[in-house]
Every structure is written in C-alpha cells, then in structure tokens.
Amino acid sequence: MLDIQLLRNDIKSVAARLSSRGFELDTAEFTRLEAERKTIQTLTQELQAKRNASSKQIGIAKSKGEDASAIMAEIAHLGDELKAAETALAALQAPLNALLMSIPNLPHESVAIGKSEEDNVEVSRIGTPRAFDFPVKDHVDLGEKLGLDFETASKIAGARFSLLRGNLAKLHRALAQFMLNTHTDAHQYTEVYVPYLVNAESMRGTGQLPKFEEDLFHVPRTDAEQLYLIPTAEVPVTNMVRGEIVPREQLPLKFVAHTPCFRSEAGAYGRDTRGMIRQHQFDKVELVQLVEPEHSYAALETLTGHAEAILQALGLPYRKMALCTKDMGFSAAKTYDLEVWLPAQNTYREISSCSNFEAFQTRRMQARFRGENGKPELLHSINGSGLAVGRTLVAILENYQQADGSVTIPEVLRPYMGGIDALVPTAS
RNA sequence: GGAGAGGUGGCAGAGUGGUCGAAUGUACCUGACUCGAAAUCAGGCGUAGGUGCAAACCUACCGUGGGUUCAAAUCCCACCCUCUCCGCCA
C-alpha cells in the first residue's frame, strides 16, 4: 500500500511512476473520491463534536440534578443527520481504500523502465556452463531412473505434483538442510518454523490479498475463519512483526524459514507442464529481513548475495537479473532474479527472486520501529528465495549428469547424503 | 468434545451508562537536588486521522464487527483470541 499522503500531495508524479510499470492510475477517480471524502469527513466530525459537547452538558446538568430537557431537545434531530453523514463517509472510504489497495508499489529510481521481461538487465553472470560430450537429458528423463515419479503423484493428488523416492528424496532434503545451515551459520539469520496456513489478515499484510486471491489455495472451515495455504514463507515470516513496534536495537531482523509453498497456478495453464519446474507444491528456503529504511537497499544487495552464495557453493552457473519496471511483482520496489543454468533447456531459469518492498508491506501491516525522535516509523521489508529447493534439485540433476545417467553429488552436499558421491540409475 | 475464566495504554492493574482517552503503580524521557549515581521531588510520556502557514483545535480507537442511547470501556448480539480443568490425541 502506498502512502496516501503521496497521492494527495503529488498524484501526477505518482501516476507517472506507476505507468512505467504498466499501471494506469485513475487520477480523476481518486481526486473526486478524495475531495468528497474531505467534505464529508469534516462535516461528520463537526456533527460528532456538537453531539459530544451537548452530551457532556447533559451529563453535567444531570449530575447537578438540573433539568436537561432543553439541551436534549436541541440535539434531538442530530441523530439522523449524523447517521447519514457517517454512512456517506463509510460509502466513500470503502472505494477509496479499495483503490489504494489495488495500486502497486512505486519502482525505485534505479529500476530500468521496460515493457516486458526482454528489458530486464543482466547484472552479472557467474560460472561457466559445462560442455557436455554426450547428449544432455532433462531432469524428467534423468529422474525417471533416479526416483522422480510424476505418475504416482498424479494418482495421489493430480497434475503439478511430484513424488521423490530414495536418494533423490534425500538429496532434496539435503539441499534444504544445506541452505538452512549456511544461512543460519554463515549469514546469521534466525531460523524460524512457521504455520503453513494463515488467515486473510496476513495475506493482506504481504499483498497477496485482495488482488491475487485466485493464486491461492483456500481452506474453508465450517466453524472458523477461512485459512489459506501459504504461497511462500514470506507471508508468515514477514507477518511476525505485523502490528509490532520493534525496539531499534533489535534491528535488523533476519529470518530464514524452510517451508512448502502452495500455488494454484491459475494463470499458468499449459506453461511448464513438463517436470517439476512449476508445481502446486514446492519447498523453498526463504530469507526475510526487516530493516530501517536507510539500510534497505544495502540489505537487498547483501540478501541477494546470500542467495548467490548457495548457487556458488553448489557450483551452479547462474546470472543475476535486475528486473525492469514491467516485470516486477505488485509489491516490489526493486527486484533481482537469480537464474540458474539449465543445460537441457539451454537457458537460464529463475531460481530465486529477491526484492525490496520498502514500506509497501509494512504500511499495510503497521510493522514499525521507534526512530531516533522516539516516533514510530515504518520498517522496510526485504525478502528472497535462498533458494527454491525443487528447482535447485532440477539444476543439480541437469548440470551434474553423467553419460551413464548417473548424477554426481556436489561436494558440499555429501555430508548430508551419508557420504555417497552420486545418484545411480536403477537397472530397469 | 465438555465445563469455566478472561481480553483496558510498553508492562501490571482500576474502572458496570455521563466533565473517561481512561485512576494508580511500574518502565521510560526531561528538570531539580548530587562531585556523580541511587533515593527523593516536579513535569512529561499511546496510536491513527482531519482542519490549519502555524499555534492550536477537532474526530476515532478500551479484542473485532454490529446494536440500544442525547451519551457506551461500561448494556445487548455475533464473532475472534487467550488461559484453566476434564476427555481425546501425533
């Protein structure tokens, strides 16, 4: 959510910055609603003030045993008038608030203006894709004999689910463990274990609601509030500070969580249907930081570096992309995507997305700290995948495959794998 | 699942219809005393919003949402959450 003051004071430049990301702000509508709101709010408050003053007089008169019927007669008509004003005000504030909630974040000034993902800027390219002297297989073909089973998953649940067996499942677990240990030990994040089902308020806090309801899995309950399956650990972790005023000396807050993520992929029919690139359920290790505003862009750089450190330790070639205005998510002010090399697709594919949301999320959730002057100020939130576990597994399979269909296990993962150095295909 | 208790300011805790945005304590800030500190004394100390150049004034908020009333922290209804005991349970 943007600061409404910004819209009141300088809606033209806000609209200009928003149009760079393809969002056309209805400035006429906002200005109209806002002008009406001002009039009606002032009127409402005047009526309330009158009522309060008179009620006080009645109270004083009665406590002295005097007759208050004169004052009471004077404001007898006030009730209906006030009720009408309050109703009118509420009827204005609802659409005003809905409009405000539907406006995406302003892109940071360093973000390239673009029309599509074609305009994203490559910041760096690390590692060299390996030269293969045999025809490369993709992770589906490789996985067939290594324990990757889509048929059974689809029998159990349906399309866009996967099932892992044996050492492949263990490798998946090893990746998550390795990432968690690296972030807690080397990068000083606090590990948290969080709910995978959250309430609507939390979804509003991080920006999934009200606009992206169709992307979420719902869990209706007969005798209780509806819950949602988390699409990313960003939701429960960032909402830890919802409504809190964090003591300044505790900042920055740095959390890491390993959770499954659930996405309906409603708008993705037909895209990435092969393999485990795009699933309804996948695991992710998520990094979240809550920092003072002046440090948030530095924090975005270091957090992105923490995600990169995993790719580097695993020896996976990747590139770092600075997303252009059009390709960024709704809540982000600036985003880096990390894209890992997938030899079978002969391309780089997103494996991590690291964003600075500035105060966009924390304003919605009123997550604050006490600034130098003692006044509460909004925190900035930053998060990023460090990394998506399923896609990392895919990258390992494809980049570390051997001619015989086996897959070498990267050095750093072997301690988590009981010392074995390769996944070996089954005979059949 | 059954029975009960309760949600008030950073914390504790009073307040059952009227000068209550809320006593008191504590924490915190400022000042006085002190060489300094402690103790003591005095003052200050919630959040959001509106009008205004400002000073200031006004409005809302006592778990959430409705309702009754001239007036609600206080009465009524619904919901959410927490705690205790019993039962069940990974």
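Chain letters run A, B, ... following the sequence lines, proteins first and then strands; every chain starts at 1.
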Exercise. Could you tell me which nucleotide pairs with B:U40 by Watson-Crick or G-U wobble geometry, both distances under 3.5 Å, or answer none if nothing does?
Key: B:A32
Self-check item: Pairwise C1' distance for B:C28 and B:G87, with rounding to whole Å
Solution: 47 Å
Self-check item: Side-chain donor-acceptor contact under 3.5 Å, A:Thr238 with A:Gln361
Solution: no
Practice problem: Taking atom C1' in both B:U26 and B:A14, compute the distance separating them and give it to the nearest angstrom. | Solution: 15 Å
Quiz prompt | Between B:U69 and B:C81 - P atom distance, rounded Å | solution = 32 Å
Quiz item: Quick one: is A:Asn52 getting a side-chain N or O under 4.0 Å of the B:U59 phosphate, OP1 or OP2?
Solution: yes
Quiz item: Using a cut-off of less than 4.0 Å, is there contact between a side-chain N or O of A:Arg368 and OP1 or OP2 of B:A48?
Solution: yes
Quiz item: Quick one: does A:Glu213's side chain get under 4.5 Å of A:His218's, heavy atoms only?
Solution: yes
Quiz item: Now, which nucleotide makes the Watson-Crick or G-U wobble pair with B:C61, with each of the two distances under 3.5 Å?
Solution: B:G46
Quiz item: Expressed as a whole number of Å, how far does the C1' atom of B:C85 sit from that of B:U30?
Solution: 50 Å
Quiz item: For atom C1', what is the distance between B:G2 and B:G13, given to the nearest Å?
Solution: 32 Å
Quiz item: Hey, what's the ring geometry for A:His183 with A:Tyr189, parallel, tilted or perpendicular (30° and 60° as the breaks)?
Solution: perpendicular
Quiz item: Counting only side-chain N and O atoms of A:Lys56, is one of them less than 4.0 Å from OP1 or OP2 of B:A71?
Solution: no
Quiz item: If we take the C1' atom in both B:A39 and B:C33, what is their distance in whole Å?
Solution: 11 Å
Quiz item: When rounded to the nearest Å, what value does the distance between C1' atoms of B:G52 and B:A71 take?
Solution: 30 Å
Exercise. Rounded to whole angstrom, note down the P distance from B:A54 over to B:G49.
Key: 16 Å
Quiz item: Quick one: CG on A:Leu413 to CD1 on A:Ile420, what's the gap to the nearest 0.5 Å?
Solution: 10.5 Å
